[in-house]
Amino acid sequence: MTQQSQLVSAIVVFDIDGVVRDVGGSYRRAIADTVEHFTQNAYRPSLADIDVLKSEGIWNNDWEASQELIYRYFEEQGQQRHSITLDYSTIVAFFQSRYRGSDPENWTGYICNEPLLLQSSYLNELSKAGIAWGFFSGATRGSANYVLEKRLGLQSPVLVAMEDAPSKPDPTGLIATVQQLTSDALDNFTPVVYVGDTVADMYTVEKARSLDPSRMWIGVGILPPHVQESLQRRNAYTETLKIAGAKVIFDNVQELTPTEIQKLV
């Protein structure tokens, strides 16, 4: 798949989890499994519990989010954080055993069953409209490439993953993605739309804007599928994204059509 490099009218950068794929039954299930395991089956966080943590805007890394939920559980039981013995690498290994599976070469875990939230034809439509696109995600490169290349069939898409940049809301990875998508090194003016589903994603846009105010930076929110199951959760999540800076919010990323992008920029 090729992208038009001439007459680029906008740059769209996509988060992956909750935008390109539904991770309610994979990453978030793995968080719940991990917290349950390391609290000796005493506490299993709900999707709503995880959303509350993520709404703080600093828990984009799901391994760190799992560890934080474990700490908070034991603190609620009256323990001091400094007295709680947790080995981060053991937490990561357990999480990965659920998310990827026990075989590092042939993945059999929750990742295999993630519903896709967009089709490659949608990205083709963006290219035809002169809109450049790429991906900036807190997922590992292996996990991100699994969905982008193996499942969507994209050929070496522009991707900045966990290993390539600090965790959101640090905007380094977003800016690096934009730089890869900009054919002219002197182009500081093509508007950038970052599409994400969390507070951290919107904060990332705000921080990019403060670092590079000469360019238009626009945050677009996507409601992850699990919050659309009830009107109350949908409304609460929508309000949270708006407060965090989302200019517009959609139920599905493919509603962000070339026409809608032109309206934004």
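Both backbone and side-chain heavy atoms feed into the values below; hydrogens, waters and symmetry mates do not. Remember, predicted model here, so these are calculated numbers, not experimental data.
Counting all heavy atoms, side chain and backbone alike, G138 lies closest to N60 at CA-ND2, 3.6 Å. Nearest heavy-atom pair, L126 versus L256, reported as atom, atom and distance to 0.1 Å: CD2-O, 4.3 Å. For M202 against V220, the heavy-atom pair with the smallest separation is CE-O, 3.4 Å. The shortest non-hydrogen separation linking G196 to D201 is CA-OD2, 3.2 Å. The two residues V23 and E114 make their nearest non-hydrogen contact at CG1-OE2, 3.8 Å. A200 and P169 get closest at one heavy-atom pair: O-CB, 3.8 Å.
In this structure, Y194 contributes its side chain and F136 its backbone to a donor-acceptor pair below 3.5 Å. No donor-acceptor pair closer than 3.5 Å links the side chain of R98 to the backbone N or O of A30. Side-chain N or O atoms of D170 include none that pairs as donor or acceptor with a backbone N or O of S167 at under 3.5 Å. Judged by distance alone, with hydrogens and angles left aside, the side-chain atoms of W107 form no donor-acceptor pair with the main-chain N or O of S143 at under 3.5 Å.
The existence of a salt bridge linking D22 and R28 is excluded, since no basic side-chain nitrogen approaches an acidic carboxylate oxygen closer than 4.0 Å. The pair R81-E68 meets the salt-bridge criterion, with a side-chain N (NZ, NE, NH1 or NH2) lying under 4.0 Å from an Asp/Glu carboxylate O.
With values rounded to the nearest 0.5 angstrom, T140 atom OG1 is found 7.0 Å from I111 atom CD1. Here the CG-CG distance, from L116 to L148, works out to 10.0 Å after rounding to the nearest 0.5 Å. We find the CG-NZ distance between D197 and K54 to be 8.5 Å, quoted to the nearest 0.5 Å. Note that CG of L223 and CD of E229 are 12.0 Å apart. Values are rounded to the nearest 0.5 Å. Interatomic distance, OH of Y71 versus CZ of F38, reported as 11.5 Å (0.5 Å rounding). Put simply, OH on Y88 and CD on E64 are 4.5 Å apart, with the number rounded to the nearest 0.5 Å.
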Residue pair E75, R72: steps toward the salt bridge (Lys or Arg N to Asp or Glu O under 4.0 Å) verdict: CA-CA 5 Å; E75 286 176 328; R72 292 187 187 188; 5.6 Å; no

Derivation of the side-chain contact (heavy atoms from CB on, under 4.5 Å) call for Y27 and Y110: CA-CA 8 Å; Y27 267 127; Y110 301 153; over 6 Å; no

Side chain to side chain donor-acceptor pair (under 3.5 Å) between N124 and S121, worked out: CA-CA 5 Å; N124 279 327; S121 57; over 6 Å; no

Audit row: I175, W217, side-chain contact (heavy atoms from CB on, under 4.5 Å) steps and yes/no: CA-CA 10 Å; I175 293 171; W217 300 88; 4.0 Å; yes

Full working for side-chain contact (heavy atoms from CB on, under 4.5 Å) between L69 and T39: CA-CA 10 Å; L69 286 169; T39 60; over 6 Å; no

From CA spacing to verdict: side-chain contact (heavy atoms from CB on, under 4.5 Å), S26, N113: CA-CA 8 Å; S26 57; N113 301 312; over 6 Å; no

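In this structure, L118 and R21 have side chains that are not in contact, with every pair of non-hydrogen atoms separated by 4.5 Å or more. Considering only heavy atoms from C-beta on, T190 stays 4.5 Å or farther from T182 through its side chain. Counting only heavy atoms from C-beta outward, the side chains of I131 and P258 approach each other to under 4.5 Å. Counting heavy atoms from C-beta on, the side chains of E56 and V199 never come closer than 4.5 Å. Between V20 and F135, the closest side-chain pair of non-hydrogen atoms falls below 4.5 Å. Put simply, the side chain of K247 does not reach to within 4.5 Å of the side chain of V205, judged on heavy atoms. A heavy-atom distance below 4.5 Å is found between the side chains of Y146 and C112. You'll find the side chain of H226 reaches within 4.5 Å of the side chain of R233, heavy atoms only.
T257 and E125 share no donor-acceptor pair across their side chains, judged by distance under 3.5 Å alone. For the residue pair D49/Y43, the side-chain donor-acceptor check at 3.5 Å is satisfied. In the model, N235 has no side-chain atom that pairs as donor or acceptor with a side-chain atom of T238 under 3.5 Å. In the model, D87 has no side-chain atom that pairs as donor or acceptor with a side-chain atom of T85 under 3.5 Å.
No continuous path of hydrophobic side-chain contacts links L117 to F14 [ILVMFWY only; heavy atoms under 4.5 Å]. When hydrophobic clusters are built by joining Ile, Leu, Val, Met, Phe, Trp and Tyr residues whose side-chain heavy atoms come closer than 4.5 Å, directly or via intermediates, V12 is grouped together with V147. Under the 4.5 Å side-chain heavy-atom criterion for ILVMFWY residues, no single connected hydrophobic cluster contains both Y203 and L211. No path of Ile, Leu, Val, Met, Phe, Trp and Tyr side chains, each step under 4.5 Å between heavy atoms, connects I261 with I249, placing them in separate hydrophobic clusters. I243 and V52 sit in two unconnected hydrophobic clusters of ILVMFWY residues. Membership requires side-chain heavy atoms under 4.5 Å apart, directly or through other members.
Counting heavy-atom neighbours within 6.0 Å of E163 CD, excluding the residue itself, gives a total above 12.
Using cut-offs of 30° and 60° for the angle between ring planes, the F94 and H37 rings count as parallel.
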